Amino acid sequence: MNKILVTGSAGHLGEALMRTLRKAGQWVVGTDIQPSPFTDMVGSIADREHVRQCMVGVDAVLHTATLHKPHVATHSRQDFVDTNITGTLNLLEEATLAGVNAFIFTSTTSTFGDALTPAAGEPAAWITEEVAPVPKNIYGVTKVAAETLCELFHRNQGLPCLILRTARFFPEPDDSKATRDTYSDANIKANEYLYRRVDIADVVSAHLCALERAAAIGFGRYVISATTPFMQADLANLHRDARSVVQRLLPDFAAIYAQQGWQMFPQIDRVYVNAKARTELGWQPRYDFATVLATVATGQTDLRSPLAQAVGIKGYHGTAFADGIYPVQEAARGR
């Protein structure tokens, strides 16, 4: 039986992977800086010796540990470099020495950065793996750098590395106060399934598909998001009048939304495209906007999969802030 290492095992995705792999009877070890029921080895991936100990006997790595966008206001740029770059480098080096046969790196669609926002009057952006990242903060910069390290280790050391750029799957409220003030939380998340959200159960299945295909593929980057109903021909109208596009494609949407008093966003500025992941990884995501509509039509507004409900809401910080779970961004200036 292969031994699998999961980094960030106390986090949203790490816990979801640990739960799933344990349930399947897999030999899995979790590491995190935070103790948890899913953390076997407590320590930092920035500590090379800790990583070396974690890697003993490991055949595959699911690397989810990271500092996230909400940490930009509370952690220094050096903290991001230490965790997201040095930590990844430590894992890659030790994985190579251990002869690991699959290294799956959890990246983010935030790497695309400013490429996600079209200019006024331009169509919505069609986001595939071919779009060049334009990071707009230290989070995006360090995740792109970590991706590049993965590519380097595949090219020079022959380590099979697949990169999964995941869309939003966190259950926490939206990080935009203006959006939170305008729409209910369930309404926001329902809308996002059209173009920028994915359920954590589908993220887990994408990682497991990547584990199976890594050796054969060698290296690749994949967008992991719910399957969109949109086509490229819809992009101009999406950025002008998103509701009309959704109404044309899904005629039942307006009546179902009306039952909840929900609204569609007036504009959609980008569409994440998962076609490559479905084709090359054999990934079959189960949750999309059609699933959302079917759920809401029954009167339910909890759109989460059973796995997402089991993992629950963790937050990103140990303290509360004036704006709820998110600190004020300006606090990070000069850090």
Side-chain angles (χ1 to χ4, degrees), residues 2-8 13-14 17 21 28-29 31 45-46 48 51-52 54-67 80-113 115 127-135 139-167 203-225 273-283:
N2 290 338
K3 181 179 181 181
I4 302 169
L5 174 66
V6 175
T7 71
L13 178 56
L17 285 164
L21 290 166
V28 58
V29 174
T31 183
I45 59 171
R48 179 69 178 266
V51 171
R52 182 177 295 116
C54 290
M55 204 66 68
V56 174
V58 166
D59 300 288
V61 176
L62 296 169
H63 176 27
T64 79
T66 190
L67 283 180
F80 274 83
V81 170
D82 292 344
T83 298
N84 294 359
I85 299 179
T86 302
T88 301
L89 177 60
N90 287 340
L91 287 159
L92 288 165
E93 289 184 332
E94 291 300 327
T96 300
L97 292 172
V100 164
N101 54 37
F103 190 102
I104 312 304
F105 176 59
T106 309
S107 190
T108 169
T109 50
S110 289
T111 56
F112 293 113
I127 304 298
T128 70
E129 294 79 5
E130 303 304 314
V131 174
V134 188
Y139 173 51
V141 167
T142 54
K143 295 300 276 189
V144 170
E147 287 188 11
T148 305
L149 284 172
C150 290
E151 187 171 14
L152 180 70
F153 272 75
H154 168 68
R155 188 169 62 246
N156 291 352
Q157 277 71 43
L159 181 66
C161 291
L162 300 186
I163 294 164
L164 305 186
R165 287 176 170 166
T166 61
V203 179
V204 166
S205 68
H207 280 71
L208 301 186
C209 287
L211 273 183
E212 292 179 1
R213 301 292 179 95
I217 294 172
F219 179 81
R221 290 183 176 88
Y222 301 92
V223 171
I224 304 300
S225 189
V273 183
N274 68 12
K276 183 180 178 184
R278 288 186 287 116
T279 299
E280 294 189 6
L281 300 181
W283 178 50

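Quick caveat: nothing in here was measured; it's all calculated off a predicted structure.
Across Thr96 and Gln157, no two heavy atoms sit closer than the pair CG2-CG, 3.6 Å. A pairwise comparison of heavy atoms in Ala46 and Asp82 identifies CB-O, 3.6 Å as the closest pair. Taking each heavy atom of Val223 and Val273 in turn, the nearest pair found is CB-O, 3.5 Å. Taking all atoms of both residues into account, the shortest heavy-atom contact from Ala95 to Leu159 is CB-CD2, 4.4 Å. Taking both residues in full, the closest heavy atoms of Pro133 and Val144 are given as CB-CG2, 4.0 Å, listed atom of the first, atom of the second, then distance. Scanning both residues, Ala102 and Ala214, for their nearest heavy atoms gives CB-CB, 3.7 Å.
Separating the OG1 atom in Thr83 from the CG atom in Asn90 is a distance of 10.5 Å, to the nearest 0.5 Å. For the atom pair CD (Glu93) and CZ (Arg52), the distance works out to 9.5 Å, reported to the nearest 0.5 Å. Lys276 contributes atom NZ, which lies 8.5 Å from atom OG1 of Thr128 (distance to the nearest 0.5 angstrom). Going from atom OG1 of Thr148 over to atom CZ of Arg155 covers 9.0 Å, rounded to the nearest 0.5 Å. In this structure, OH on Tyr139 lies 8.5 Å from OG1 on Thr111, to the nearest 0.5 angstrom. With rounding to the nearest 0.5 Å, the separation of CZ in Phe103 from OG1 in Thr88 is 6.0 Å.
Side-chain polar atoms of Ser107 and Glu147 form a donor-acceptor pair below 3.5 angstrom.
At least one side-chain heavy atom of Leu281 sits under 4.5 Å from a side-chain heavy atom of Ile217. Looking at Ile45 and His63, their side chains come closer than 4.5 Å, going by heavy atoms from C-beta outward. Between Cys161 and Leu92 the shortest side-chain heavy-atom distance falls below 4.5 Å. Taking the side chain as every heavy atom from C-beta outward, Met55 and Leu91 approach each other to under 4.5 Å. No side-chain heavy atom of Leu211 sits under 4.5 Å from any side-chain heavy atom of Asn2. Counting heavy atoms from C-beta outward, Glu212 and Leu208 have side chains that stay 4.5 Å or more apart.
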Subject >> Verdict with reasoning, Val61 to Phe105, per side-chain contact (heavy atoms from CB on, under 4.5 Å) >> reply: CA-CA 8 Å; Val61 176; Phe105 176 59; over 6 Å; no

**OP:** Begin with the C-alpha distance, continue with both residues' side-chain angles, and end with the deciding distance and a verdict on side chain to side chain donor-acceptor pair (under 3.5 Å) for Lys143 and Thr66.
**Re:** CA-CA 9 Å; Lys143 295 300 276 189; Thr66 190; 3.2 Å; yes

**OP:** Kindly determine whether Asn274 and Ser225 satisfy side chain to side chain donor-acceptor pair (under 3.5 Å), including the steps that lead there.
**Re:** CA-CA 6 Å; Asn274 68 12; Ser225 189; over 6 Å; no

**OP:** Given side-chain contact (heavy atoms from CB on, under 4.5 Å), test Leu164 with Trp283 step by step and report yes or no.
**Re:** CA-CA 12 Å; Leu164 305 186; Trp283 178 50; over 6 Å; no

**OP:** Start with the C-alpha distance between Thr142 and Leu67, add both sets of side-chain angles, then the distance that settles side-chain contact (heavy atoms from CB on, under 4.5 Å), and finish with yes or no.
**Re:** CA-CA 9 Å; Thr142 54; Leu67 283 180; over 6 Å; no

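Between the Asp59 side chain and the Asn101 main chain, no donor and acceptor come within less than 3.5 Å of each other. Here the side chain of His154 pairs no donor or acceptor atom with the backbone of Cys150 at under 3.5 angstrom.
In summary, Glu129 and Arg165 do not engage in a salt bridge, as defined by a charged side-chain N under 4.0 Å from a carboxylate O.
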